[in-house]
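See below for the structure under consideration.
Computed from heavy atoms alone, side chains included, the values below leave out hydrogens, waters and symmetry copies. Numbers restart at 1 for each chain; the letters A, B, ... are given by sequence-line order, proteins then strands.
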2 protein chains.
Amino acid sequence: MRADAQRNAEKLRTAAAELFHERGLQAPLKEIARRAGVSHGTLYNLFGTREALIDEVVTDLAAARLGEVAEQALAHEDAWGGFAYYIETLCELQATDPAISDVVAGRYPDAERLMAVCERSHTAAARIIERAQQAGTLRPDFTHEDLLFIFGTNALVARAAKDTAPDAWRRGVAFMLDGLRSEAAHPLPTGPLTSRQLYQVMGNLTGTP
Amino acid sequence: MRADAQRNAEKLRTAAAELFHERGLQAPLKEIARRAGVSHGTLYNLFGTREALIDEVVTDLAAARLGEVAEQALAHEDAWGGFAYYIETLCELQATDPAISDVVAGRYPDAERLMAVCERSHTAAARIIERAQQAGTLRPDFTHEDLLFIFGTNALVARAAKDTAPDAWRRGVAFMLDGLRSEAAHPLPTGPLTSRQLYQVMGNLTGTP
DNA sequence: ATTCAACTTGACCCTGGGGTCAAGTTTCGT
DNA sequence: ACGAAACTTGACCCCAGGGTCAAGTTGAAT
C-alpha cells in the first residue's frame, strides 16, 4: 500500500470513528469521506464496504468496552447486583455512544472481527444471567434473547431521547429491571424468541440490512 | 366539488386506509395514489398533505378502537386488571394495526380531529392509571408519560417483529407489567419526562417530522 | 351544444442515500 | 529523472421519496 493511501485510510478511519460515535453506524459514507477531506470514491477504494470500515474502526473499542462491563458485572459479589449492573451499564453505554449502541443492537455479519467480539460478549452475558438465576434473584424464565431484545429497544430509546432527555432510558430500564426479579414474576404469555428470530427482529428494529 | 373528484377522493381514501393499515402512516403517498388508480398529483390536489389524508381516513377508526379499549379497561372491577388490560390490549392493537400503532405513538399536530381523539384517549388513560394507583396495585411513581413511552417503544417492537414473531411484543410487555406492580417497585433513578419532552422524544422515536 | 371552471395527468424538480469508473495525479523503484 | 503502477477524483448512475405545475380533459350550467 502506497504511503498516500495509508494516510488517507488513516484519515478515513479517524473521521469514521468520529461520525460513528456521534451518529451511529449508519452515518452516510459520503459524509465520512467529506470529513476526512477525501473523495468518497477513495473510501470505496480503500474499504469497499461499510461493514469493512466498521470492522476496522469500531471493533477494538467495542471489545474493550463490552469486555470491561462484563468483567465488572461478574466481579460483583451479589449475582443480582452484577446482572443489574450489566444491564444498566450497557444501556448507559448505548446512550452515550451510538456506535457501541449499534454494535450491541445491530447486525453486521460481514464484519468478522466484530462478530467474534459479539460472540464473546454473548457468552459473558449468558454467564451473568445464569449466575443470577442460580442465585434465585433473576426470574428463571428470562433468556439471553430477552436480554438482547432489551438492548435492541434501548438503542432506539436512547437515540431518540439523546438531545431532549439524555436520561430518559433509565426509567424504562428501571421498570423493566423491577419486572425481572424473581419476586415480581408472573407467568409469561409467550415463549422466548429463537436466536434465528431474534436475529431477524433485531435487524428490522435497527434497520440493519 | 365535482362528481369525478368526489369519486377519486373516495378511491384515495379507500386505498389510503388499506395501505395505512398494512404499512403504517408513513406509507408513500405515491403508492397510495397508484393503488387508487389515480395520479399522485390528484392526491395532492384533493388532500394537500399527508396529515389531512390521515385525519380523514384514520380518525374515526382510531376513535372507535381507542374508546372501546379504554371503556372496557374502566369496566374491569379490578383496577389492576383494568390497567393491565388497557396496556395489553392497546399493545395488541398496535401489533395488528400499524395505522393505529402510529396514532398511539406518533405526532400529527396538523390532523386536528385526530389530535382531539388523542386528547380524549389521554384523559381516559390518566383515569385508568389513577384508579390503579389509588387501589394500591400500580406503583405510585408511574406516570402518564411512562405509559405513552411504553406505547412508543411497543410500536417499534411490534412492527419489527410482525413477520417473524408476531407475539414477540407480549414478552416485553409482560416483563414491564411485572415491574409496574407496587410490590415490585424499587426507587427510580430519574424523574418522569415532561409532556413537552415526551412529545419530542416520541417524534424522534417514530420518525414523525 | 357550448363553454369554462374544475379537475387530472405525468413529466419534471429536489433531496439524500448508495455505488462505479474513466481520466488525471502521485508515488516509488530503477 | 523517468515510467509504470497505484491511487484519487468527481462526474456520473441508480433508487425512492416528497412535491409542483403547464397542458390536457371532463363535468355540468346555461
Side-chain angles (χ1 to χ4, degrees), chain A residues 1-16 19-20 22-57 98-99 102 106-111 159 203-204 206-209, chain B residues 1-16 19-20 22-57 98-99 102 106-111 159 203-204 206-209:
Chain A
M1 191 180 228
R2 244 165 59 175
D4 54 345
Q6 200 87 48
R7 256 177 285 127
N8 284 337
E10 203 46 44
K11 283 193 274 182
L12 282 165
R13 274 187 217 105
T14 306
L19 256 154
F20 286 158
E22 293 167 17
R23 319 237 305 254
L25 302 183
Q26 311 78 33
L29 295 185
K30 283 184 180 174
E31 198 163 333
I32 292 174
R34 208 178 309 135
R35 183 172 299 200
V38 138
S39 157
H40 63 274
T42 299
L43 192 158
Y44 285 104
N45 286 340
L46 294 178
F47 296 95
T49 69
R50 164 176 247 107
E51 299 209 4
L53 182 56
I54 289 174
D55 210 15
E56 286 200 25
V57 152
D102 285 341
R107 286 191 317 190
Y108 304 91
D110 295 342
R159 177 163 313 184
N204 297 347
T206 56
T208 322
Chain B
M1 192 180 227
R2 246 168 55 178
D4 55 345
Q6 201 87 48
R7 257 178 285 126
N8 284 335
E10 202 44 45
K11 283 194 274 182
L12 282 164
R13 275 187 216 103
T14 306
L19 255 153
F20 286 158
E22 294 167 16
R23 320 238 303 253
L25 301 183
Q26 311 79 33
L29 295 184
K30 283 184 181 173
E31 198 163 332
I32 292 174
R34 207 177 311 135
R35 183 173 299 199
V38 140
S39 157
H40 64 273
T42 299
L43 192 159
Y44 284 104
N45 285 340
L46 295 178
F47 296 95
T49 69
R50 164 178 246 108
E51 299 209 4
L53 183 56
I54 289 174
D55 210 15
E56 287 202 25
V57 151
D102 285 342
R107 284 189 321 189
Y108 304 92
D110 295 341
R159 178 162 312 184
N204 297 346
T206 56
T208 322

Quick check on [N]: is either OP1 or OP2 less than 4.0 Å from any side-chain nitrogen or oxygen of [X]?
X       : N      : value
A:Ser39 : D:dG10 : no
B:Asn8  : C:dT8  : yes
A:Arg50 : C:dG18 : yes

Can you check the [X] [atom1] to [N] [atom2] distance for me, whole Å?
X       : N      : atom1 : atom2 : value
B:Met1  : D:dT26 : CE    : C1'   : 15 Å
A:Gln6  : C:dT26 : CD    : P     : 19 Å
A:Gln26 : C:dG18 : CD    : C1'   : 14 Å
A:Leu53 : C:dG19 : CG    : C1'   : 15 Å
B:Leu25 : D:dG18 : CG    : P     : 13 Å
B:Phe47 : C:dT8  : CZ    : P     : 10 Å
B:Glu31 : D:dG19 : CD    : C1'   : 17 Å
A:Ile32 : C:dG16 : CD1   : C1'   : 15 Å

Any donor-acceptor pair under 3.5 Å joining the side chain of A:His40 to the base of C:dT20?
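A donor-acceptor contact between them is present.
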
C:dG16 base to A:Lys30 side chain: any donor-acceptor pair below 3.5 Å?
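Under the 3.5 Å cut-off, the side chain and the base do not form any donor-acceptor pair.
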
Among [options], which nucleotide has an atom closest to any side-chain atom of [X]?
X       : options               : value
A:Asn45 : D:dA28, D:dT9, D:dT20 : D:dT9
A:Thr42 : D:dT8, C:dC28, C:dT8  : D:dT8
A:Asp4  : D:dC7, C:dG18, C:dT9  : D:dC7

Nearest nucleotide by nearest heavy atom, which residue falls closer to the 5' end of DNA chain D, A:Leu46 or B:Tyr44?
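Taking each residue's closest nucleotide, the earlier one in sequence belongs to A:Leu46.
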
Between B:Arg2 and B:Gly41, which has a closest nucleotide on DNA chain D that is more 5'?
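That would be B:Gly41.
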
Would you check if the side chain of B:Asp110 reaches a backbone N or O of B:Glu51 as a donor-acceptor pair within less than 3.5 Å?
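Absent.
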
Would a distance-only check, ignoring hydrogens and angles, find a side-chain to backbone donor-acceptor pair under 3.5 Å from B:Arg107 to B:Asn204?
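No, because the side chain of B:Arg107 does not come within donor-acceptor range (under 3.5 Å) of the backbone of B:Asn204.
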
Non-hydrogen atoms of B:Glu22 and B:Arg35 that approach each other most closely
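Reported closest heavy-atom pair: OE2-NH1, 3.0 Å.
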
Exercise: identify the closest heavy-atom pair between A:Gly106 and A:Thr208:
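Shortest heavy-atom contact: CA-OG1, 3.9 Å.
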
The criterion is side chain to side chain contact (heavy atoms under 4.5 Å, CB included); which residues satisfy it with A:Glu31, sequence neighbours excluded?
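Residues passing side chain to side chain contact (heavy atoms under 4.5 Å, CB included) with A:Glu31: A:Leu19, A:Arg23, A:Pro28, A:Arg34.
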
